[in-house]
Trainee: 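This is the structure I want to talk about, given as structure tokens.
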Amino acid sequence: MQTICLRPAADADFDFFFRLHKQTLGPYVEQVWGWVDEDQRAYLQRTIDVDETQVVVVDGVDVGRLNVGHLAGDVYLGLIEIAPDHQKRGVGARILRTVLDCAFADGKGVQLHVLDVNAGACRLYRRLGFDELSREGTAPAIRIQMRANPRGTCHVRSLDRNIAGPWHLRS
């Protein structure tokens, strides 16, 4: 089984984050707004909070990033990006299940937003128990708000002990 670790991000990770963002969300950004490297690099520089970002590491290799925080009493999944060559291997699902388990153990739900054009992510979130709360925007820029509700402590799975820290919910 793969070893998944999360480590705090550093300023030196920016170029990795930009390449990752272009690989993972670039096709959807292109479809909705158009992708211009310089514009997207500037946007990422303005919006990324390195102190709130964790790097996903699989078997010693940086393969993604994760932002988890709080929103209206729930846990908020701000972003999860996994490099294409590590997708469809269960990495993202294992991380998401751990986020869900921790939130549910605290009696909290998990909220997120996803672009409607990102069908693969929408399918994964639905498979993991997320329900659609609302939609905003017009096609193709429809943004879906989703929430997974706690199932009660008797149904909470045990944490995936193969995902090593320092993973935590950031405020």
Side-chain angles (χ1 to χ4, degrees), residues 6 9 13-14 16-56 63-84 86-88 90-152 155-156 167-171:
L6 298 165
D13 293 315
F14 182 82
F16 166 68
F17 291 149
F18 180 73
R19 287 190 312 275
L20 179 69
H21 190 65
K22 186 174 183 176
Q23 292 173 332
T24 59
L25 295 180
Y28 308 111
V29 170
E30 175 66 35
Q31 189 175 352
V32 174
W33 299 287
W35 182 280
V36 176
D37 271 359
E38 297 78 26
D39 294 344
Q40 291 300 317
R41 184 176 291 278
Y43 173 79
L44 189 60
Q45 285 174 327
R46 280 192 321 272
T47 60
I48 195 167
D49 184 346
V50 173
D51 294 332
E52 298 295 322
T53 302
Q54 296 173 87
V55 177
V56 177
V63 302
R65 73 176 173 140
L66 176 70
N67 290 83
V68 180
H70 299 276
L71 176 69
D74 280 342
V75 171
Y76 183 70
L77 178 66
L79 178 79
I80 183 168
E81 291 178 320
I82 304 297
H86 282 80
Q87 291 177 4
K88 297 181 176 47
V91 174
R94 284 175 56 198
I95 291 169
L96 290 170
R97 282 188 192 106
T98 299
V99 171
L100 289 166
D101 289 346
C102 288
F104 293 171
D106 289 340
K108 297 178 179 181
V110 178
Q111 292 189 46
L112 59 83
H113 288 90
V114 61
L115 287 173
D116 185 52
V117 296
N118 191 345
C122 291
R123 276 191 306 277
L124 173 63
Y125 298 142
R126 285 186 180 98
R127 182 170 52 90
L128 292 174
F130 284 86
D131 296 311
E132 185 174 316
L133 295 178
S134 65
R135 288 175 175 248
E136 59 185 47
T138 56
I142 297 172
R143 192 170 173 227
I144 303 171
Q145 181 182 13
M146 301 181 92
R147 184 174 194 267
N149 296 307
R151 295 175 188 91
H155 298 329
V156 174
W167 114 261
H168 54 281
L169 301 179
R170 304 227 183 196
S171 306

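Heavy atoms only: backbone and side chains are in, while hydrogens, waters and symmetry mates are out. Because the structure is predicted, anything quoted here is derived from the model rather than measured.
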Trainee: Which atoms form the tightest heavy-atom contact between Val55 and Phe16, and what is the distance?
Mentor: CG1-CE2, 4.3 Å
Trainee: Let's go through Phe18 and Gln40 carefully: what are the C-alpha distance in whole Å and the side-chain angles of both, what is the deciding distance for side chain to side chain contact (heavy atoms under 4.5 Å, CB included) to 0.1 Å, and is it a yes or a no?
Mentor: CA-CA 8 Å; Phe18 180 73; Gln40 291 300 317; 4.1 Å; yes
Trainee: Kindly compute the distance separating NE2 (His113) from OG (Ser134), expressed to the nearest 0.5 Å.
Mentor: 6.0 Å
Trainee: When rounded to the nearest 0.5 angstrom, what is the spacing between CG in Asp116 and CD1 in Ile144?
Mentor: 4.0 Å
Trainee: Mind running salt bridge (charged side-chain N to carboxylate O under 4.0 Å, His left out) on Lys22 and Asp37 for me, showing each step along the way?
Mentor: CA-CA 8 Å; Lys22 186 174 183 176; Asp37 271 359; 3.0 Å; yes
Trainee: I need the Leu20 CG to Phe14 CZ distance, nearest 0.5 Å.
Mentor: 12.0 Å
Trainee: In Å and rounded to the nearest 0.5 Å, what is the CG to CG distance from Leu77 to Asn67?
Mentor: 8.5 Å
Trainee: Which atom names give the shortest non-hydrogen contact between Ala83 and Gln23, and what distance separates them?
Mentor: CB-OE1, 4.3 Å
Trainee: Going by heavy atoms in the side chains, are Met146 and Asp131 under 4.5 Å from each other?
Mentor: no
Trainee: Check whether the side chains of Glu132 and Gln145 place a donor and an acceptor atom closer than 3.5 Å, and report yes or no.
Mentor: no
Trainee: First locate atom CG of Leu6, then atom OG1 of Thr53, and finally report the distance between them rounded to the nearest 0.5 Å.
Mentor: 11.5 Å
Trainee: Mind checking the CG-CG spacing from Leu96 to Leu112? Nearest 0.5 Å is all I need.
Mentor: 8.0 Å
Trainee: Just by modelled atom types, is the Tyr76 backbone N or O under 3.5 Å from a matching donor or acceptor in the Asp74 side chain?
Mentor: no
Trainee: Heavy atoms, side chains only, cut-off 4.5 Å: are Phe17 and Glu81 in contact?
Mentor: no
Trainee: Return the minimal non-hydrogen interatomic distance between Phe104 and Ala148, and the atom names on each side.
Mentor: CE2-O, 3.7 Å
Trainee: Minimum heavy-atom separation for Gly137 and Ile142, please, with both atom names.
Mentor: O-CG1, 4.0 Å
Trainee: What are the two closest non-hydrogen atoms of Trp35 and His21, and how far apart are they?
Mentor: CH2-CD2, 3.7 Å
Trainee: Please report the shortest heavy-atom distance between Ala103 and Val75, naming the atom on each side.
Mentor: CB-CG2, 3.6 Å
Trainee: Applying salt bridge (Lys or Arg N to Asp or Glu O under 4.0 Å), name anything that partners Glu136, two or more places apart in sequence or on another chain.
Mentor: Arg143
Trainee: Identify which one of Leu79, Asp13, Thr24, Ile82 satisfies the side chain to side chain contact (heavy atoms under 4.5 Å, CB included) criterion when paired with Arg65.
Mentor: Leu79
